[in-house]
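Since the structure comes first, as structure tokens, the remarks are kept for the end.
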Amino acid sequence: MSKEKMTSDAIFVNTVDALRTKLGQIRAAQAKYAVFTQEQVDAIFKAAALAANHARIPLAKMAVEETGMGIVEDKVIKNNYAAEHIYNHYKNVKTCGVIEEDKEFGIVKFAEPIGVIAAVIPTTNPTSTAIFKCLLALKTRNGIIISPHPRAKESTIAAAKLVMEAAEKAGAPKNLIGWVDVPSLELTNMVMKESDIILATGGPGMVKAAYSSGTPAIGVGAGNASAVIDKSADICNAVNSIIHSKTFDNGMICATEQTVIAHKDVYDAVKAEFARRGCYFLNEDEKDKIRKTMLINGALNAKIVGQRPVTIAKLAGFEVPDTTKVLIGEVESTSVDEAFAHEKLTTILAMYKAESFEDAMDKAEQLLNNAGGLGHTSSLWIDNVHEREKLLQFADRMKTCRVLVNTPSSLGGIGDLYNFKFTPSLTLGCGSWGGNSVSENVGVKHLLNIKTVAERRENMLWFRTPQKVYFKKGCLPVALDELHTVLGKKRVFLVTDSFLYKNGFTKVITDKLTEMGIAYTVFSDVEPDPTLLSAQKGAEQMRTFEPDCIIALGGGSAMDAGKIMWVLYEHPEADFLDMAMRFIDIRKRVYTFPKMGEKAYFIAIPTSSGTGSEVTPFAVITDQETGHKYPLADYELLPNMAIVDTDLMMSAPKGLTAASGYDAMVHALEAYASVMATDYTDGLAVRAMQLIFRYLPIAYNDGSDVQAREKMASAATMAGMAFANAFLGVCHSMAHKLGAYHHLPHGVANALLLTIVMRFNADDKPRKMGTFSQYQYPHALERYCECALACGVTGRDDQEIFEKFLKKLEDLRDVVGIRKTIRDYGIDEQTFLNSLDRMSEDAFDDQCTGANPRYPLISEIREMYLEAYYGEKQ
Amino acid sequence: MQSFLTPDKLYFKQGCLPVALRELKDIYHASRVLLITDEEKHLQTSLALVTNALYELGIEYAVNHENFSADAVIGFGYADSLERAAALAGERYYIAVPVSVGWQMSAAAWRRADMFILDEDVCRPAPEKDICVHIAQTARASLVGANPSDYTLSLSVQALRILFGSRHTAASLLHAAAMAEMAYTAARSDEFAADALNLFPDAAEALGMTAEELETKINCAVDPVQ
Amino acid sequence: MDILFQCPNKVIYREGDYAVKQFDENYSTSDVLNEALNQARVEETGLPIPKLVEVRKNGSKWEIVMDYIPGKTMKQLIEEDPSREEELLNRFVDIQLSIHATAAPVTMNKLKDKMQRKISESKLNATTRYELHTRLESMPKHKKVCHGDLGLGDVIITPDDKYFIIDWAHATQGNASADAARTFLKFSLTYGEERANKYLDLFCRKSDTAKQYVQRWMPIVAASQSVKGHEDEMEFLMRWTDVVEYE
């Protein structure tokens, strides 16, 4: 632009100082623009696009005249594309302020501008690239400084100026768009360093400079697209499209075809069609001349870029008709020494013959590896309906970020013209294959900073129980009626342990089944710590028997074993270790438990009060080889029905009554204190506690008291329902390991640890709080006091109530014959101390620790174990 | 023999509806759902939460078209539509989504529902005085009948505890009402139990008061003017 | 004067055991001292070059005095016996590689800086200079000793078959490929395409360098050469510099 046309405050940027001033202007303008609304921005965007489109012819003429490369009419199309297609693609895209909102999940996303974009513009598409980048900048509320190539600076600047003036007229701040008037390496480097992001379209040197500048950069790579023509291709369409694509602007779009690789079966037809449509096949002598002309010392001769065949041939020293569209050299070598293998940026094509589709892919790959173009574009002509497998093979092998099928690659690669889901762009990333940081067509999303606002959102909570729980003394046969009358079951697989089996506990069930005409089989080899091996054996038997109903009868072991067998039976393909993966939020666990109940209905019948396993989604299985215990947890494991028949509990010996009863108490208490407690689980837990305090001593002292047994049974099941949904805490974690290392019964281990853990949890200033979004602040003491009050404990303040509650719990322990310390159970001191570190670590890592209201440190667990051992704080 | 019958899944918390509905796709692989709802205009906004969720999941749905062949049924609305949906569901998976709790209870829904969703974005508890009356009445009624038990009592008592407590939030009252209704439904299920049972004294004891005191408190809640 | 070599602004003559390089009056003092300094720096690396003895003024002309090396240059040897081309080219490349294998003293001038200066000084049009500057900027910076103008005439083989390398005026530290490109250009101008390609193939094979790396330097060294202003070379050099980067 001539200097006279400039207004008084326009700056001619030809020195470092001038550039600095210009950059200051742009920054100031961008700061104002950064707070424009989406509406204002869209109006400016539209006005600028319209103006650019309106001037597409004069700008195209200017570009061809100045650079001496390309075709005016095609550059007109490019300008039109840069304006119209970009406008249409982005006109409704949100780029300002709130762009996304997810009220459900509490997420809001804001789009903010990056600042000042440095845009490097190439000689091959000066005006269209300038328009494209300026429009993107306008749409994203960024400022932009353009660094033109000296060969095309006038036309580049003219395009930028036009867009700037239109934007200003529509309300954009002045000087939002700027450029360097006299480009030099020094000024280009400065532009790159001083901007906030660089859009670098240019050769490898330029792109490298951009990435080295220290400013985040989006570069592009060189193209070297091969058009592979498979024997199933529509030859006419392929050849004519390639010619169309290649001659577009005299081959200057980087995505354009550089070579054709035709399958030998169609080679001659392809060649004939090319010739028919005005392409010239070079003879040996002409090929050599072209080789020497095309590349100088391996670099592309500037004089042939964007030229027509007649011009190129003349340069090379021979003649072709003026109407020739493309010069084609048939060659064989794909090595770097073959000039025809390179990107040509002009109307020259190389043509190869492929022996097979494999060979074609090999050649295309070699060309990319040897002669450049990795990451850019590749093209395939094929019957995409019947040869899908080959298509996918090709796509899989080509290391290019654009794979175009049955599309002219120059116009197809830039997007939106032949496939409307392909982002329109004149800046085509080549991924890491091309040394770029993007692998797609560059658009507005690359020029925005996205701010995500995440609100604290509480997870969904739940209350899940078996749909049917039947209870009361003698209910077992009555409940089983349903199997026949309602559920229509025909084959029952009964899982239990050998003690129960031998002592006739299964008789009630088997008699009833026989009466109903239901077939059954019994698996009674359940061990106290059920192993994977025995579960597999059971599942194997199930697969043979094919039951439609499984009944697990017994204590925790039998019910757990039954659940595991159920899983293995319904889903032999399920991966055991995956299922056992530790979870933090059971709803977001990594493994999606397979759907259960498709083959068999599951009924759980407890014989103790109890583990609560009849109403929980948990099962623990031991790997017999390593001794590792795998806790499985998923609501798919919840039994369909629980039958709690007091008759089965009546003969439980004192020790079992005490241990399992106290276990139920700990279940209730830990569920209440848990970070995942809800009103539903609270109700059940508290009632269970009340019942246990009242009836456990009676059941212990007089096992024949039906009411006491019945109440204990209910209490245990209710406590089970509570912790099935609220989970447990570190008392159970520690009890698990204490049992594993020193073979104390589960209920006893819990009893020995309970009050120590409660004191630990009740600390109002815990070192670490439990993590769960519903748990807002540490309040375990308060919670324990709620339980205490419900259990009839009174006092002046929380501290007193709490202490009295602990005493009440310890008294209960004494009453049912549970001793006071671990040492009292004859565990040797040295053995205990030797195991302490590992046991503490394992307890920390136990599944139950996560729901504890206070997240314990391993050292704190250790201290608690010691206190439980010696009976006093160490 | 006694029973304690409850829906398989009770999901609750503000905003849980779309999350819960995902199970239709992920677990039950339902592709067509029948939505039974009241025609009321003011429900349309919250109904959109359901239909949007189904749309996002790619599940086809029809509203109130009883002949629509569906894999699952969603009852969305007041007691009437929940009951209607429960009846129409047959063997199919039935999800009950009440839009109000604390008025008329839908016993059929509680009895039949496979999944119950209480989402405060969709479910408005009745005004405090009404919901308190409802909780008191329902909880009391749940303590007598053919099938009350420690199970149902634990829920009724917890509901009363919330009712009598000082910290009422809309959410806690909503759940108290739900618990009372769940307890009532389970307690009234009369398939197996023989004689009527009265757990009122047990409830009073559980709350740490005498039966008379409990009676007074409940009457107070039912008719505050006294 | 026992003249050994003569060109437009320099004369080299023998003085007993020494060779004296005499510069024209209009040669700048700094250029002369720079050349002497360069030579001294290279001498300190231990490479077999004539030792620097004295820098003096002879009337109005500067002179650098160094050891005289008896023997013939490789250029002379090839001219005398063209059949020795392969043997001599091989030895030549080995010698060049041994230069590259030498670590440069830190103070030595940098090749990249020098090339940037030369491109700026050249009479090429702004566009081409821009392209070349950009290309050069992206080249890696190495620290190998580069002769800067190594040709067959710069290697003397003594009667007892030892070799010495002379004419270190243009020495810099930088990229070996750049140095090879410079030699390739020299060969192209002096001997033609065939021998130049033979040299390049040998260099690339022996140094395990891909030809493209050397080729990337060619437009740059051509631009640098054009500053010397030899009319008869200009068209050739212009062709070499008028290349574009792939876009």
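Quick note on labels: first sequence line is chain A, next is B, and so on, each numbered from 1. Keep in mind that this is a model prediction, so the values were computed, not measured.
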Euclidean distance, [Y] [atom2] relative to [X] [atom1], rounded to 0.5 Å:
X: A/Ile643; Y: B/Met1; atom1: CD1; atom2: CE; result: 7.5 Å
X: A/Asp682; Y: B/Leu155; atom1: CG; atom2: CG; result: 11.0 Å
X: B/Leu5; Y: A/Met641; atom1: CG; atom2: CE; result: 9.5 Å
X: A/Leu684; Y: B/Tyr151; atom1: CG; atom2: OH; result: 9.5 Å
X: B/Ser3; Y: A/Gln467; atom1: OG; atom2: CD; result: 12.5 Å
X: A/Arg694; Y: B/Glu205; atom1: CZ; atom2: CD; result: 4.0 Å

Tell me, do [X] and [Y] make a side-chain contact under 4.5 Å, heavy atoms counted?
X: B/Asp150; Y: A/Lys711; result: yes
X: B/Tyr11; Y: A/Leu461; result: no
X: B/Lys9; Y: A/Tyr635; result: no
X: A/Arg687; Y: B/Asp202; result: yes
X: A/Val686; Y: B/Arg161; result: yes
X: B/Thr6; Y: A/Lys468; result: no
X: B/Leu10; Y: A/Tyr680; result: yes

>> Please check: side-chain N/O of B/Gln2 versus main-chain N/O of A/Phe471, any donor-acceptor pairing under 3.5 Å?
In response: no
Need one label for [X]: side chain, backbone, both or neither, based on atoms under 4.5 Å from any heavy atom in chain A.
X: B/Asp119; result: neither
X: B/Leu17; result: neither
X: B/Ala113; result: backbone
X: B/Leu118; result: side chain
X: B/Met115; result: neither

>> Ignoring hydrogens, what is the shortest heavy-atom contact between A/Asp679 and B/Gln158? Give both atom names and the distance.
In response: O-CG, 3.5 Å
> Closest heavy-atom contact between B/Ser154 and A/Met718?
Replying inline: CB-CE, 3.6 Å
> Which bit of A/Ala479 is near chain B, if near means a heavy-atom gap under 4.5 Å: side chain, backbone, both or neither?
Replying inline: both
>> Using heavy-atom distances under 4.5 Å, tell me whether A/Glu786 contacts chain B through its side chain, its backbone, both, or neither.
In response: side chain
>> Taking the ring of A/Tyr470 and the ring of B/Phe4, is the distance between their centroids below 6.0 Å?
In response: no
>> Within a 6.0 Å radius of atom NZ on A/Lys599, are there more than 12 heavy atoms belonging to other residues, nucleotides or ligands?
In response: yes
>> Between B/Asp8 and A/Arg464, does the side-chain contact (heavy atoms from CB on, under 4.5 Å) criterion hold? Intermediate values first, please.
In response: CA-CA 6 Å; B/Asp8 174 29; A/Arg464 295 202 54 182; 3.2 Å; yes
